[in-house]
Amino acid sequence: MSEENDPKEQAEKAAENSEKEPASRKSFDPTMYLVGLLTILVLSISYFFVFALPNMKRDQLGLEQAKYSQGKDLRESYLKCVDAAEEEYESYIRLNGSPVEKQPGAYSAPEHIWQTADQNRNAAIDDCSRNYRH
């Protein structure tokens with residue numbers, strides 16, 4: 001009887017082992033790992049397009065706006081500086097020259113006054129260029 005039990009027991013154990021092996025193999029199924037990796041990949045790409053890319057574009061737009069604003073401010077400052085140089089030129093001519101009759105706004109002055117006024121205006125415009133045009 002022990003011989004009969006042994007083959008039966010061995011057959012039962014073999015059947016149990018064959019049933020246990022697929023169960024243990026199912027837990028190590030590579031398709032589940034592939035599905036998991038693909039899920040992580042899809043979530044990563046989604047995060048990039050939903051959160052990271054819009055934030056990056058918003059920051060880039062902010063930098064471009066700041067750069068534009070700074071350039072605009074420098075341009076306005078330069079123009080104000082040039083206007084001040086022109087006003088100083090005209091003021092120098094009015095103070096050191098004499099008005100021309102029958103021509104409103106026209107002035108007559110010796111040549112050295114005109115040269116000095118031109119030199120002062122050119123120096124002021126050069127300063128404006130150095131300060132605001134880099």
Between D118 and Q115, is a side-chain contact (heavy atoms from CB on, under 4.5 Å) present by the stated rule, with each step listed? CA-CA 5 Å; D118 283 337; Q115 289 175 349; 5.7 Å; no
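- Contact between I93 and A117 at its shortest, heavy atoms only, is CD1-CB, 3.7 Å.
- Grouping the Ile, Leu, Val, Met, Phe, Trp and Tyr side chains by contacts below 4.5 angstrom, directly or via other members, places Y107 apart from L95.
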Test salt bridge (charged side-chain N to carboxylate O under 4.0 Å, His left out) on K80 and E87; report intermediate values, then the result. CA-CA 10 Å; K80 285 179 184 178; E87 183 64 34; over 6 Å; no
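- In terms of heavy-atom proximity, F51 sits nearest to P54 at O-CD, 3.5 Å.
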Check step by step if side-chain contact (heavy atoms from CB on, under 4.5 Å) holds for W114 and Y92. CA-CA 9 Å; W114 290 103; Y92 187 81; over 6 Å; no
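- The minimum heavy-atom distance between R58 and N55, with the atom names listed, is NH1-OD1, 2.8 Å.
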Could you go through the salt bridge (charged side-chain N to carboxylate O under 4.0 Å, His left out) check for E88 and R121 one step at a time? CA-CA 7 Å; E88 184 179 330; R121 178 179 59 184; over 6 Å; no
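- In this structure, OG in S91 is found 11.0 Å from CG in N120, a value given to the nearest 0.5 Å.
- V82 and L74 fall within a single hydrophobic cluster, where Ile, Leu, Val, Met, Phe, Trp and Tyr side chains are chained together by heavy-atom contacts under 4.5 Å.
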Would D127 and R130 count as a side-chain contact (heavy atoms from CB on, under 4.5 Å) here? Give the steps. CA-CA 5 Å; D127 285 341; R130 277 193 299 274; 2.2 Å; yes
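- Of all non-hydrogen atoms in T39 and V35, the two that sit nearest each other are OG1-O, 2.7 Å.
- Closest of all the heavy-atom pairs between I125 and A85 is CG1-CB, 4.0 Å.
- Annotation for Y47: atom OH does not count as buried by contact number, only 12 or fewer foreign heavy atoms lying within 6.0 Å.
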side-chain contact (heavy atoms from CB on, under 4.5 Å) for D59 and L63? Distances and angles first, verdict last. CA-CA 6 Å; D59 293 344; L63 289 174; 5.6 Å; no
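- Taken together through direct or relayed side-chain contacts under 4.5 Å among Ile, Leu, Val, Met, Phe, Trp and Tyr, L43 and Y33 form parts of separate hydrophobic clusters.
- No side-chain donor-acceptor contact under 3.5 Å links S69 to the backbone of Q65.
- Between L79 atom CG and E86 atom CD the span is 11.5 Å, to the nearest 0.5 Å.
- Other residues, nucleotides and ligands place no more than 12 heavy atoms under 6.0 Å from the CD atom of E101.
- For the atom pair E64 CD and K57 NZ, the distance stands at 8.5 Å (nearest 0.5 Å).
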